[in-house]
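Worksheet: one structure, shown below.
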Amino acid sequence: MSHELSEQEVIRRNSLNEIIKLGINPYPPELFEVNVSAANIHKNFEREKGDYQNISIAGRIMTRRIMGNASFAELQDSTGKIQLYFKRDDICPGEDKTMYNTVFKKYLDIGDIIGIKGFVFITQTGEITIHVTEYKLLCKTLRPLPVVKEKEGEVFDAFSNPEQRYRQRYLDLIVNHQVKDTFIKRTQLTNSMRSYLNQKGYLEVETPILQPLYGGAMARPFKTHHNTLDMTLYLRIANELYLKRLIVGGFDGVYEFAKDFRNEGMSRFHNPEFTQMELYVAYKDYNWMMDTVEEMVERVAMDLHGTTKVQVGDNIIDFQRPWKRYSMYEAILHFTGIDISEMDEKTMAEAATNLGIQVDATMGRGKIIDEIFGETCEAKLIQPTFITDYPVEMSPLAKKHRTMPGLVERFEGICNGKEICNAFSELNDPIEQRRRFEEQLELGIRGDEEAMMLDEDFLRAIEFGLPPTAGVGIGIDRLSMIMTNSASIQDVLFFPQMRAENL
RNA sequence: GACUCCGUAGCUCAGCUGGUAGAGCAGCUGACUCUUAAUCAGCGGGUCCAGAGUUCGAAUCUCUGCGGGGUCACCA
């Protein structure tokens, strides 16, 4: 596991030894009392100068500019950077100049973590700076940090290799400050949703990740094995069926931020593990759920950006309510000029072929509609839009449409050309549900690896009575990408899945 | 999974039609007590992703493998 040390690493290890020889513990055990942050100083110093005469702050050395007996350095703490001013005779008031000449100048490096005491002032060139009176080494580092420089917004020598950024996210976070902002926004996003849901009185719950039967979505699962029970378990692909059991059990509203796992292809929109927030509310339908999703996501945008308008790539997306609502038929009519609502399967297959879509015999009417929609509409839906009323074949857990045969009461929220949520009036007719599961079994037998399994316990549960319920799943990674203007899912996951690295 | 581009110093990158490597930053030595991509002088640093092949000779050409990005396919 060890690697050959580079020249710079050898030098740092040597510095470490020299520091120890001077009687300095490079990894001291005791706490270092911090009384201010870099951001706080930048924000308040000019107004409250008196409060910054005796400060104590800790962080990482990011740059050093040594000019003989005085030096400037930049310290980075969790809130940002602040300039430090070291003056030899202030650091070392007596005869012994070791702490400046030897320790600071020779043996400290970019990346080392130090604690300092001092007072804040403004330099001749107008930069808020800490005049260091005392410093303490808190952690000696052994590897050189990538040094990213910046001037007037232009970045030099950026740490930009995606592989290194994702594999060594800690470095990415240290060196690329916007990365931190992205992840802070992601947490703000879930906080915002959570507080919305809690305010409505819904209960946050936790349901099994290891499941004997996987269900609630169409996907290939990860399979694992429990030794003591000697049984096959699957990592959940969704938590839908468990949350609905809880509605049967008498909760009116339950939600879960769930890590789900799907054993499928990876792309800039797909990671094998991803997060979904699923919400189920009793006595509601999908129309109500559209209102709820709109309200919640609008609020997320406001909480994150202070406005409903969010820049995403070249577009400005406005989450202000109400969002556009199209039925699937209407959307297809709108984008292709073709009305497929009355077409039989054969005519529709021809229409699809004319649109350049490959149709084969195994595809039913529902699948063809889905294909037409995916090809001609989805990518064009930039502003948040609800697409409603899906073919029944694609939605084995959704209730039949109240007026339109062959359809279910389902909607997806589409934004920036991608699905961000999926919801329906939940199917609560146990006999119908059993029939739909059996259809899925048929598909499975015919080789559809994504077909659902028949879950007897779930059927038993809803035979005890699932109240009319509206449910939704919101893709948290997808929504995070939009809310942080990130082009890749890897940019909103701290540690995206990667092949094993050869260290 | 398919196609395509990429892999050279700690980081970011040059390296033409083949002649065993360069720059900036970082590092080291020295100078400099308000600098800020600090500056100035000097110096070191490489299994050119790995392996095989072609060749007198490969970072460069060919093949295979490994790792990554992008596009497409499956999907959220």
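Within every chain, numbering begins at 1; the chains are lettered A, B, ... in the order of the sequence lines, protein sequences first and strands thereafter.
A:Lys244 has a carboxylate O that lies under 4.0 Å from a charged side-chain N of A:Glu240, or vice versa, which qualifies the two as a salt bridge. Salt-bridge check for A:Glu295 with A:Arg299: failed, with every basic side-chain N at 4.0 Å or more from each acidic carboxylate O. Taking a cutoff of 4.0 Å between a charged side-chain nitrogen and a carboxylate oxygen, A:Arg325 and A:Asp291 qualify as a salt bridge. With respect to the salt-bridge test (charged N to carboxylate O, under 4.0 angstrom), the residues A:Glu256 and A:Arg236 qualify. A salt bridge is absent between A:Glu450 and A:Arg220; no separation between the charged side-chain nitrogens and carboxylate oxygens falls under 4.0 Å.
The aromatic rings of A:Phe104 and A:Tyr100 sit parallel to each other, their planes meeting at less than 30°, with 60° as the upper class boundary.
Taking a 6.0 Å sphere around CD of A:Gln311, one finds it holds more than 12 heavy atoms contributed by other residues, nucleotides or ligands.
Within the nucleic acid shown, A:Asp89 comes within 4.0 Å of at least one base atom, counting heavy atoms only. Base contact: A:Phe121 has a heavy atom under 4.0 Å from a base atom. Among the atoms of the strands shown, base atoms are found under 4.0 Å from some heavy atom of A:Gln83. Note on A:Gly475: nothing from the nucleic acid sits closer than 4.0 angstrom, heavy atoms only. Among the heavy atoms of the strands, none lies under 4.0 Å from A:Glu152. Within the 4.0 angstrom heavy-atom criterion, only backbone atoms of the sugar-phosphate kind lie near A:Glu450; the bases stay farther away. Residue-level contact check: A:Met266 touches the bases, meaning some heavy atom is under 4.0 Å from a base atom. Across all strands shown, A:Asn271 has heavy atoms under 4.0 Å from base atoms, whether or not it also approaches the sugar-phosphate. Residue A:Phe156 is in base contact, counting any heavy-atom pair closer than 4.0 Å across all strands shown. Among the protein residues, A:Ala158 comes within range of the sugar-phosphate backbone only, with heavy atoms under 4.0 Å from sugar or phosphate atoms but none that close to a base. Using a 4.0 Å heavy-atom cutoff across all strands shown, A:Glu273 reaches no nucleic acid atom at all. A:Ser6 comes within 4.0 angstrom of the backbone, heavy atoms only, and of no base.
When the side-chain nitrogen and oxygen atoms of A:Gln164 are compared with OP1 and OP2 of B:U12, one or more of them lie within a distance under 4.0 Å. Applying the 4.0 Å criterion to OP1 and OP2 of B:G69, one finds that A:Arg268 has every side-chain N and O outside that range. Taking 4.0 angstrom as the limit, A:Arg88 places none of its side-chain polar atoms (N or O) nearer than this to OP1 or OP2 of B:U33. Residue A:Arg167 places at least one side-chain N or O under 4.0 Å from the OP1 or OP2 atom of B:G68.
Rounded to the nearest Å, the gap between the P atom of B:G44 and that of B:A23 is 11 Å. B:G69 and B:U12 are spaced 15 Å apart, taking the P atom of each and rounding to whole Å. A gap of 23 Å separates the P atoms of B:G53 and B:U47, to the nearest Å.
Counting to the nearest Å, the P atom of B:U12 and the CD atom of A:Glu154 are 17 Å from each other. Atoms OH (A:Tyr166) and P (B:G67) sit 18 Å apart, rounded to a whole Å. Atom CG in A:Asp90 sits roughly 13 Å away from atom C1' in B:C34 (whole-Å rounding).
Side-chain contact, A:Ser15 with A:Glu18: no donor N or O sits under 3.5 Å from an acceptor N or O.
Every pair passing ring pair (Phe, Tyr, Trp, His ring centres under 6.0 Å) that includes a residue from residues 134-181 of chain A is listed here, sequence neighbours excluded: A:Phe86-A:Tyr135. For residues 64-89 of chain A, the salt bridge (Lys or Arg N to Asp or Glu O under 4.0 Å) pairs, not counting sequence neighbours, are A:Asp89-A:Lys97.
With hydrogens and angles ignored, no donor-acceptor pair closer than 3.5 Å exists between the side chain of A:Ser160 and the base of B:U12. In terms of polar N and O atoms assigned as donor or acceptor, the side chain of A:Gln124 never comes within less than 3.5 Å of the base of B:U35 in a complementary pairing.
With sequence neighbours left out, A:Phe121 forms a ring-ring contact (aromatic ring centres under 6.0 Å, His included) with A:Tyr85, A:His131.
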Can you check each nucleotide of nucleotides 24-29 of chain B against protein heavy atoms at under 4.0 Å and return B for base, S for sugar-phosphate only, - for none, in 5' to 3' order? BSBSSS
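Pair check for B:C40 finds B:G30; Watson-Crick or G-U wobble, both atom distances under 3.5 Å. Across all strands shown, B:G69 is found opposite B:U4 as a Watson-Crick or G-U wobble partner, with both distances under 3.5 Å. Here B:U60 sits opposite no nucleotide as a Watson-Crick or G-U wobble pair (both hydrogen-bonding atom distances under 3.5 Å).
Cation-pi contact between A:Lys49 and A:Phe45: present, with separation from the ring centre below 6.0 Å and deviation from the ring axis of at most 45°.
Heavy-atom distances under 4.0 Å link RNA chain B to A:Glu127 of residues 126-136 of chain A, given in residue order. Non-hydrogen atoms lying under 4.0 Å from RNA chain B are contributed by A:Arg65, A:Ile66, A:Met67, A:Gly68, A:Asn69, A:Ala70, A:Phe72, all within residues 65-79 of chain A.
Ring-to-base geometry places A:Phe274 in a stacked arrangement with B:A76 (centre distance under 5.5 Å, plane angle under 30°).
With B:U33, B:C11, B:G67 as the candidates, the nucleotide lying closest to the side chain of A:Glu163 is B:G67.
Where A:Val148 and A:Thr63 each meet RNA chain B at their nearest nucleotide, the meeting point lying more 5' is that of A:Val148.
Contact record, A:Tyr390 with A:Met328: CE2-CE, 3.4 Å, taken as the closest heavy-atom pair.
Of the options A:Phe261, A:Tyr214, A:Phe222, a ring-ring contact (aromatic ring centres under 6.0 Å, His included) to A:Tyr234 is made by A:Tyr214 and by none of the others.
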